[in-house]
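Here the structure comes first, spelled out in structure tokens, and everything after it is commentary.
Just so it is clear, the values below take in all heavy atoms, side chains as well, and ignore hydrogens, waters and symmetry mates.
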Amino acid sequence: MGFLTCAVSLSASAECGAAIKNAGSNLKIIKSGDLVGDGAREYVAVRMLPKQPKKGTYVSRLLIARAEHGHCSIVLDAGKSGPKNPVGHIGIEFIDDGTDFYGYSVEFGSDVNDREHQGDVYLTWLNPNHELEGMAIEIGWNKRVGRYQEYRLEEDGSSEMFKPELRKPPHRNSKHCGGCQK
């Protein structure tokens, strides 16, 4: 019985490696394990930027693959168009087709010693000087729906509210829109 369980886990692990490899070049697995505490195994792969900060990691792409019930799926993919899960985009209101993409600063809940949010990911856009631009997008595993979503903690830290995905975000081009809002 134990051998069969091990064989399924190895199969799902190999499948996750293949899924990450198929998702893009130069992705490197930097974390793996039961990151959200529900028994499944996640693999965090990134494409690192050449310049790295003292705290956090600068990436041009972040991918989380999840091995569960003998198969693997990509459950979070953050790149030029913003972070998304299989249902839609998270943490954005629109896709700006006219902006250059400089990457993200990424930190994990486990990096900031937050026991309650071990599997959380904090993404902050980078500007051309590789400095943080705006507020971090706080992404966590929503156990009720079984996927990563953006969340906001209440001011007093008492509870969190997950925000729904944007299935088809509008596209804007800030370079050619004149006075449109960014």
Side-chain angles (χ1 to χ4, degrees), residues 1-50 52 56-92 95 101 103-126 136-151 160-169:
M1 195 68 150
F3 175 73
L4 182 59
T5 303
C6 182
V8 170
S9 296
L10 289 175
S11 171
S13 296
E15 193 176 320
C16 280
I20 290 168
K21 186 175 180 178
N22 289 337
S25 63
N26 301 325
L27 290 169
K28 175 184 173 186
I29 295 174
I30 60 168
K31 280 182 174 269
S32 69
D34 181 2
L35 302 179
V36 299
D38 65 356
R41 185 171 188 89
E42 290 85 23
Y43 298 86
V44 179
V46 299
R47 183 178 305 124
M48 291 200 179
L49 293 174
Q52 290 296 313
T57 306
Y58 287 173
V59 303
S60 61
R61 182 136 181 232
L62 176 132
L63 208 71
I64 300 180
R66 182 172 167 88
E68 186 175 37
H69 307 300
H71 72 280
C72 182
S73 57
I74 303 297
V75 293
L76 182 66
D77 186 353
K80 183 180 192 289
S81 302
K84 58 185 174 182
N85 65 25
V87 173
H89 286 79
I90 54 181
I92 65 169
I95 295 173
F101 176 64
Y104 300 102
S105 171
V106 61
E107 290 187 78
F108 299 93
S110 57
D111 295 340
V112 294
N113 295 320
D114 185 347
R115 290 184 184 270
E116 189 174 334
H117 297 277
Q118 289 289 311
D120 289 4
V121 179
Y122 308 103
L123 294 175
T124 308
W125 298 88
L126 296 175
I137 301 169
E138 300 168 321
I139 301 169
W141 184 257
N142 184 341
K143 293 176 185 173
R144 287 188 326 210
V145 297
R147 62 182 178 263
Y148 281 96
Q149 290 183 305
E150 178 187 18
Y151 71 88
E160 58 192 25
M161 183 175 85
F162 285 96
K163 297 175 75 177
E165 297 83 358
L166 193 55
R167 292 179 189 264
K168 294 183 180 179

Would you give the length of the straight line joining atom [atom1] of [X] to atom [atom2] of [Y], rounded to the nearest 0.5 angstrom?
X	Y	atom1	atom2	result
Ile74	Ile20	CD1	CD1	6.0 Å
Ile90	Glu138	CD1	CD	12.0 Å
Glu107	Tyr122	CD	OH	9.0 Å
Leu126	Ser105	CG	OG	6.0 Å
Ile64	Cys16	CD1	SG	11.5 Å
His69	His71	NE2	NE2	7.5 Å

Q) Taking atom types as modelled and ignoring hydrogens, do the side chains of Tyr148 and Asp120 form a donor-acceptor contact shorter than 3.5 angstrom? A)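 No - no donor-acceptor pair under 3.5 Å links their side chains.
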Q. Where does the angle between the aromatic ring planes of Trp125 and Tyr104 fall among parallel (under 30°), tilted (30 to 60°) and perpendicular (over 60°)?
A. tilted
Just by distance, do the side chain of [X] and the backbone of [Y] share a donor-acceptor pair under 3.5 Å?
X	Y	result
Gln52	Tyr58	yes
Arg47	Ser25	yes
Asn85	Leu76	no
Glu15	Cys72	yes

With the side chain counted from C-beta on, respond yes when [X] and [Y] share a heavy-atom pair under 4.5 Å apart, and no when they do not.
X	Y	result
Ser81	His89	yes
Phe108	Val121	yes
Gln149	Ile139	no

Non-hydrogen atoms of [X] and [Y] that approach each other most closely:
X	Y	value
Val75	Pro86	O-CD, 3.7 Å
Val46	Leu62	CG1-CD1, 3.9 Å
Ile137	Gly91	CD1-O, 3.6 Å
Ala136	Thr124	CB-OG1, 3.3 Å
Ser32	Tyr43	CB-CD2, 3.6 Å

Q) Listed by chain and number, what are the salt bridge (Lys or Arg N to Asp or Glu O under 4.0 Å) partners of Lys163, not counting sequence neighbours? A) Glu150
Q: Check the pair Arg61, Asp77 against side chain to side chain contact (heavy atoms under 4.5 Å, CB included), reporting the backbone distance first and the verdict last.
A: CA-CA 7 Å; Arg61 182 136 181 232; Asp77 186 353; 2.9 Å; yes
Q | side chain to side chain contact (heavy atoms under 4.5 Å, CB included) between Leu27 and Lys21, intermediate numbers included | A | CA-CA 7 Å; Leu27 290 169; Lys21 186 175 180 178; over 6 Å; no
Q) Going through the checks in order, is the side chain to side chain contact (heavy atoms under 4.5 Å, CB included) test met by Lys143 and Trp141? A) CA-CA 6 Å; Lys143 293 176 185 173; Trp141 184 257; 3.9 Å; yes
Q: Walk me through it: do Glu68 and Arg41 pass the test salt bridge (Lys or Arg N to Asp or Glu O under 4.0 Å)?
A: CA-CA 7 Å; Glu68 186 175 37; Arg41 185 171 188 89; over 6 Å; no
(Q) Other residues, nucleotides and ligands only: do more than 12 of their heavy atoms fall within 6.0 Å of NZ on Lys80? (A)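 Atom NZ in Lys80 is crowded, with more than 12 foreign heavy atoms closer than 6.0 Å.
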Q | N-O pairing of Glu42 and Lys31 below 4.0 Å | A |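 No salt bridge links Glu42 with Lys31.
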Q. Looking at Arg66 and Asp34, does any basic side-chain N land under 4.0 Å from a carboxylate oxygen?
A. no
